[in-house]
Each structure stands twice: as structure tokens, then as C-alpha cells.
Amino acid sequence: MTDSLLPLPLDHIGVAVKDIEQATVRYQQMAGLGILHDEVVESQKVKVRFLDGDHYKIELLEAIDSSSPVARFIKKRGEGIHHIAFSVDDIHEEMKRLRKKYLILQEKPIRGANNKLIFFIHPKSMGGTLVEICQPL
Ligand code: CMX
């Protein structure tokens, strides 16, 4: 990338889990994280819960349907870190910029959890890590 590119702030880390309630207890007991927000994202077939760290968030993701990307992920790889999400100010410009170098999974940004526009970079073009780019609406 260019020398002038500023580091994108981390928005959250997504963790695929089989049971969101059990996972919440694990993070509460281990790190004292409280619940920030619950939501069902129908388009992604997931139930999500954001946990509040001091300067970060953890997004727990539980599939609500076997066709969900999260259900496929858990079937293939088990529970664990599913994606990392970076926050941007102009998601349309970032999509144009990143599409030149990376495989972007959406044609246009889509509506994600927590009132955000999002898109994903395929793990195959990010060394095995799924990356979400997001912008608050
Ligand atoms: N992180 C790293 N690798 C992943 C991955 C992930 N999250 N999901 C899949 N992969 C890998 C698979 O292990 C597989 O690797 P191999 O070819 O080495 O076996 C490869 O990617 C293809 O996997 P697949 O099961 O054939 O492909 P899928 O049909 O599951 O699609 C992907 C993979 C990334 C295109 C799909 O999961 C996707 O579109 N993800 C973006 C949307 C999403 O994840 N939504 C969930 C909730 C989002 C939210 O609201 O926060």
C-alpha cells in the first residue's frame, strides 16, 4: 500500500460460537466483558452479541441456520476466531481502493449488525483471515 495510508482502527474481533450464552459467560468470567448489544442479522443467518472491552469489542456469532457462513465455518474448522473488523470513514472509497488488490466478497457494502455498512475480504486473499470492513451509518 502507499506510505500515506493511515492505520485503520480495529472495530471488533468476530468469534464463531455454538452457544452465545455459554460463550458470554466464558468472556465475562475470563475478562469481565459486559454485553453491549444483541441482534439477529437475517441476511447473514446469525445471532450476534457484542461484548464491550475497554477499547475494543468482541462479536460473538451463533448460526441460526445451517446455511449460515458461521455454521459452515464451525462445521469445517470448529469454534474460534472468525474475522477481524476494521472501521473506516468512507466505505465506498475503501471498497474501490481494496478491490484493486484483494478479493472482495460483495458488489456493494451491505447492512451488517449494529447499524453498520459492511463488506468482507476473502480469507484466501488475506493469508487465511476473513476481514470485515465497516462504517457506522
Ligand atoms: N476465516 C478463515 N477462513 C475461512 C473462513 C473464515 N471465517 N470461512 C471459510 N474459510 C475458508 C475455509 O476453511 C476454506 O478453506 P480451504 O479451501 O482451505 O478448505 C475456504 O475458506 C472456503 O470455505 P468454504 O466453506 O468452501 O466456503 P464458504 O462457502 O463457507 O465461504 C466465505 C467462505 C469466506 C466466502 C464465506 O464464509 C463468507 O462469505 N463470509 C462473509 C460473510 C460472513 O462471514 N458472515 C457472517 C456474519 C458476519 C457478521 O454479521 O458479522
Side-chain angles (χ1 to χ4, degrees):
M1 285 296 154
T2 63
D3 289 341
S4 60
L5 181 64
L6 292 173
L8 296 181
L10 186 68
D11 188 82
H12 63 267
I13 295 173
V15 181
V17 302
K18 289 182 183 165
D19 184 315
I20 221 163
E21 299 303 334
Q22 286 178 11
T24 302
V25 173
R26 284 198 291 272
Y27 281 92
Q28 280 175 335
Q29 291 183 347
M30 187 275 293
L33 303 190
I35 297 170
L36 192 63
H37 177 70
D38 281 338
E39 189 173 337
V40 172
V41 186
E42 282 292 344
S43 64
Q44 304 295 310
K45 302 276 177 225
V46 285
K47 183 161 82 173
V48 307
R49 170 170 288 168
F50 284 89
L51 301 178
D52 195 13
D54 195 10
H55 299 294
Y56 63 91
K57 289 175 286 233
I58 302 280
E59 181 188 27
L60 301 177
L61 303 138
E62 180 189 314
I64 55 170
D65 187 295
S66 59
S67 68
S68 165
V70 170
R72 292 200 300 271
F73 176 88
I74 288 180
K75 194 169 174 201
K76 210 163 194 172
R77 304 161 67 110
E79 292 180 289
I81 292 181
H82 178 262
H83 65 265
I84 56 177
F86 295 94
S87 178
V88 297
D89 292 331
D90 186 340
I91 197 163
H92 298 282
E93 275 309 308
E94 290 295 336
M95 194 174 213
K96 262 193 247 165
R97 180 179 74 81
L98 292 167
R99 203 188 284 288
K100 291 177 191 155
K101 291 220 169 199
Y102 304 94
L103 177 58
I104 306 296
L105 285 165
Q106 284 75 32
E107 273 308 307
K108 290 178 180 169
I110 57 172
R111 190 74 177 260
N114 222 359
N115 216 18
K116 285 186 178 135
L117 281 177
I118 63 169
F119 68 83
F120 289 92
I121 304 175
H122 198 290
K124 293 283 182 210
S125 68
M126 273 303 295
T129 300
L130 177 65
V131 168
E132 177 185 322
I133 302 293
C134 63
Q135 179 190 350
L137 279 173

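Counting convention: from 1, in listed order, for ligands and their atoms alike. Note that these values count all heavy atoms, side chains included, but never hydrogens, waters or copies made by symmetry.
Residue His83 has at least one heavy-atom neighbour below 4.0 Å for each of these atoms of ligand 1: 51 (O). Taking a cut-off of under 4.0 Å to the non-hydrogen atoms of Lys76, the atoms of ligand 1 that pass are 13 (O), 14 (C), 19 (O), 23 (O), 24 (P), 25 (O), 26 (O). Each of the following atoms of ligand 1 lies closer than 4.0 Å to a heavy atom of Glu59: 49 (C), 50 (O), 51 (O). Applying the 4.0 Å criterion to heavy atoms of Glu132 picks out, from ligand 1, the atoms 51 (O). Close contacts between ligand 1 and Pro69 involve ligand atoms 37 (O), 43 (C), 44 (O), 45 (N) [criterion: under 4.0 Å to a heavy atom].
Of the residues listed (Gln22, Glu21, Gln29), the one engaging Val25 in a side chain to side chain contact (heavy atoms under 4.5 Å, CB included) is Gln29, and it is the only one. The side chain to side chain contact (heavy atoms under 4.5 Å, CB included) with Val46 is formed by just one residue from the set Val41, Leu60, Asp65; it is Val41.
A donor-acceptor contact shorter than 3.5 Å is absent between the side chain of Gln44 and the backbone of Pro69.
Ring orientation note: the planes of His37 and Phe50 are tilted relative to one another, at an angle of 30° to 60°.
The nearest protein heavy atom to atom 27 (O) of ligand 1 is not closer than 4.0 Å. Counting protein heavy atoms under 4.0 angstrom from atom 42 (C) of ligand 1 gives one or more. Distance check for atom 9 (C) of ligand 1: every protein heavy atom is found at 4.0 Å or beyond.
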For side-chain hydrogen bond (donor to acceptor under 3.5 Å, both in side chains), just list the numbers for His83 and Glu59, CA-CA rounded to whole Å, side-chain angles, deciding distance to a tenth of an Å, and then say yes or no.
CA-CA 9 Å; His83 65 265; Glu59 181 188 27; 3.1 Å; yes

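Val17 and Leu33 fall within a single hydrophobic cluster, where Ile, Leu, Val, Met, Phe, Trp and Tyr are joined by side-chain heavy atoms under 4.5 Å apart, directly or via other members.
Using a 4.5 Å heavy-atom cutoff, the side chains of Phe73 and Leu130 are not in contact. A heavy-atom distance below 4.5 Å is found between the side chains of Ile35 and Arg49. With contacts defined as side-chain heavy-atom distances shorter than 4.5 Å, the pair Arg97/Leu5 qualifies. Two residues are said to be in side-chain contact when any heavy atoms from C-beta on lie closer than 4.5 Å; Ile104 and Ile121 meet this criterion. Here the side chains of Ile64 and Glu42 are in contact, with some heavy-atom distance below 4.5 Å.
The proximity of Ala113 to ligand 1, defined as any non-hydrogen pair under 4.0 Å, does not occur for either the backbone or the side chain. Looking at Leu61 against ligand 1, only its side chain comes within 4.0 Å, counting heavy atoms.
For atom 38 (C) of ligand 1, the nearest non-hydrogen atom from the set Leu105, Ile110, Val40, Val131 comes from Leu105. If you check each of Lys116, His12, Lys124 against atom 15 (O) of ligand 1, the one with the closest non-hydrogen atom is Lys124. The residue from Gln44, Arg111, Arg77, Glu39 that puts a heavy atom closest to atom 45 (N) of ligand 1 is Gln44.
Between Thr129 and ligand 1, not a single N/O pair is under 3.5 Å apart. Checked against a 3.5 angstrom limit, the closest N/O atoms of His122 and ligand 1 fall outside it.
The nearest protein atom to atom 48 (C) of ligand 1, hydrogens excluded, is given as Phe120 CZ, 3.5 Å; this is a heavy-atom distance. The protein atom (non-hydrogen) at minimum distance from atom 5 (C) of ligand 1 is Phe73 CD1, 3.7 Å. Of the protein's non-hydrogen atoms, Arg72 NE, 2.9 Å is the one closest to atom 30 (O) of ligand 1. Looking from atom 40 (N) of ligand 1 to the surrounding protein, the closest heavy atom is Leu130 CD2, 4.0 Å. Counting only heavy atoms of the protein, atom 7 (N) of ligand 1 lies nearest to His82 O, 2.9 Å. Considering only non-hydrogen protein atoms, atom 34 (C) of ligand 1 sits nearest to Pro123 CD, 3.7 Å.
Distances shorter than 4.0 angstrom occur between a heavy atom of Gly128 and an atom of ligand 1.
Note that the CZ atom of Phe119 and the CG atom of Leu98 stand 5.0 Å from one another [nearest 0.5 Å].
The number of heavy atoms from other shown groups lying within 6.0 Å of CG (Leu8) is above 12.
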